[in-house]
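A short write-up of the structure that comes next.
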Amino acid sequence: MSPEVPEPIRLLLADDHPVVRAGLRAVLDTEPDFAVVGEAATAEAAVSLAATGGFDVVLMDLQFGPGMHGAQATAAIAAVAGAPRVLVLTTYDTDADILAAVEAGAAGYLLKDAPPEELAAAVRTAAAGQSALAPAIAHRLMDRMRAPGEALTGRELEVLRLVREGLSNQEVSKRLFLSQATVKSHLVHIYAKLGVDSRTAAVAVATARGLIRGGAHR
């Protein structure tokens with residue numbers, strides 16, 4: 001009697017670039033225990049497909065252009081009981097992106113330049129219900145835990161990201177549903193932690209340290 005062949009890990013690829021999805025499929029199809037059974041070009045489509053119950057792991061990009069962000073899709077998927085695990089696969093390694101994904105419930109966070117064997121290992125780890133953080137990402141999070149007083153909080157990073165986009169305090173308060181006084185308080189804490197005294201300097205220092213993204217890029 002031949003031994004039972006285990007069911008493959010069923011994967012959903014969520015990325016708005018067809019070439020990226022094709023590349024991922026080509027790499028993942030070489031693994032005998034993987035089966036790419038779905039693709040999504042938008043975060044909204046990823047959430048809808050994940051809800052059908054036919055997947056074990058979702059490989060989720062963060063940036064999809066207009067519409068839902070990858071972290072929002074991750075939160076929507078993770079909120080459902082029995083949902084597939086979400087492994088974020090992105091080009092972004094800023095604290096703001098990492099924290100948003102982890103807080104949303106991502107099972108792992110990997111950069112797109114990771115070698116194929118690291119990607120395969122992360123998928124298996126996520127499918128097994130364990131945390132699959134790239135070593136560099138885990139190191140960044142450990143640094144934040146070691147010096148929490150110096151690290152910007154998730155909310156402070158959100159405020160600073162919107163400031164970088166050119167929003168005024170009033171616009172930031174509306175976007176985040178905060179009072180203007182609370183926004184000002186966050187900025188005071190940001191300035192103190194970064195050792196700066198202006199919005200422009202805060203954005204420059206945070207960008208240089210990899211806390212928020214710089215100019216628009218993919």
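Not measured: the values here are computed from a predicted model.
- A heavy-atom distance below 4.5 Å is found between the side chains of Leu24 and Leu119.
- Using a 4.5 Å heavy-atom cutoff, the side chains of Tyr109 and Leu87 are not in contact.
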Between Arg25 and Glu39, does the side chain to side chain contact (heavy atoms under 4.5 Å, CB included) criterion hold? Intermediate values first, please. CA-CA 9 Å; Arg25 181 182 281 273; Glu39 295 186 14; 2.8 Å; yes
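- In this structure, the separation between CG on Leu162 and NZ on Lys174 is 14.0 Å, given to the nearest 0.5 Å.
- Interatomic distance, OG1 of Thr94 versus CG of Leu211, reported as 8.0 Å (0.5 Å rounding).
- Side-chain contact, Ser185 with Thr182: no donor N or O sits under 3.5 Å from an acceptor N or O.
- Residues Pro84 and Val57 approach most closely at CB-N, 4.0 Å, considering heavy atoms.
- Panel note: side chain Glu118, backbone Pro115; no donor-acceptor pair is recorded below 3.5 Å.
- Counted within 6.0 Å of NZ on Lys112, heavy atoms from surrounding residues, nucleotides or ligands total more than 12; the atom is thus considered enclosed.
- Taking 4.5 Å as the limit, some side-chain heavy atom of Asn169 sits within range of a side-chain heavy atom of Leu187.
- No side-chain heavy atom of Asp15 sits under 4.5 Å from any side-chain heavy atom of Met60.
- Proximity of a side-chain donor or acceptor of His69 to a complementary backbone N or O of Ala71 within less than 3.5 Å is detected.
- In this structure, the side chains of Asp56 and Arg85 stay at 4.5 Å or more apart for every pair of heavy atoms.
- When each of Asp97, Asp95, Asp93 is paired with Arg213, the salt bridge (charged side-chain N to carboxylate O under 4.0 Å, His left out) condition holds for Asp97 and for no other.
- A pairwise comparison of heavy atoms in Pro116 and Val27 identifies CB-CG1, 3.8 Å as the closest pair.
- Nearest approach of Ile77 to Ala46, heavy atoms of both residues: CD1-O, 4.1 Å.
- A donor-acceptor pair under 3.5 Å is formed between the side chain of Glu156 and the backbone N or O of Thr153.
- Ala40 and Arg21 get closest at one heavy-atom pair: O-CD, 3.9 Å.
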Just do the side chain to side chain contact (heavy atoms under 4.5 Å, CB included) check on Leu111 and Leu89 with the steps written out, would you? CA-CA 5 Å; Leu111 299 180; Leu89 186 63; over 6 Å; no
Evaluate side chain to side chain contact (heavy atoms under 4.5 Å, CB included) for Leu28 paired with Leu59, printing each intermediate quantity in order. CA-CA 11 Å; Leu28 296 167; Leu59 275 69; 3.9 Å; yes
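- Judged by distance alone, the side chains of Gln130 and Arg124 never bring a donor and an acceptor atom under 3.5 Å apart.
- Although no hydrogens or angles enter the test, the distance criterion places a donor-acceptor pair under 3.5 Å between the side chain of Ser48 and the main chain of Glu44.
- Here the side chain of Tyr92 pairs no donor or acceptor atom with the backbone of Ile212 at under 3.5 angstrom.
- Looking only at side-chain heavy atoms (C-beta outward), Leu12 and Val37 stay at 4.5 Å or farther from each other.
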Please walk me through it: do Val163 and Val203 pass side chain to side chain contact (heavy atoms under 4.5 Å, CB included)? CA-CA 8 Å; Val163 167; Val203 169; 3.9 Å; yes
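- Within the 4.5 Å cutoff, side-chain heavy atoms of Leu62 are placed close to those of Val88.
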Side chain to side chain donor-acceptor pair (under 3.5 Å) evaluation trace for Gln170 with Arg175: CA-CA 9 Å; Gln170 182 178 11; Arg175 182 78 65 88; over 6 Å; no
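- Two residues are said to be in side-chain contact when any heavy atoms from C-beta on lie closer than 4.5 Å; Arg155 and Leu176 meet this criterion.
- Between Lys193 and Arg209, the shortest heavy-atom contact is O-NH1, 4.3 Å.
- Taking every heavy atom of both residues into account, Ala50 and Phe55 meet most closely at CA-CD1, 4.2 Å.
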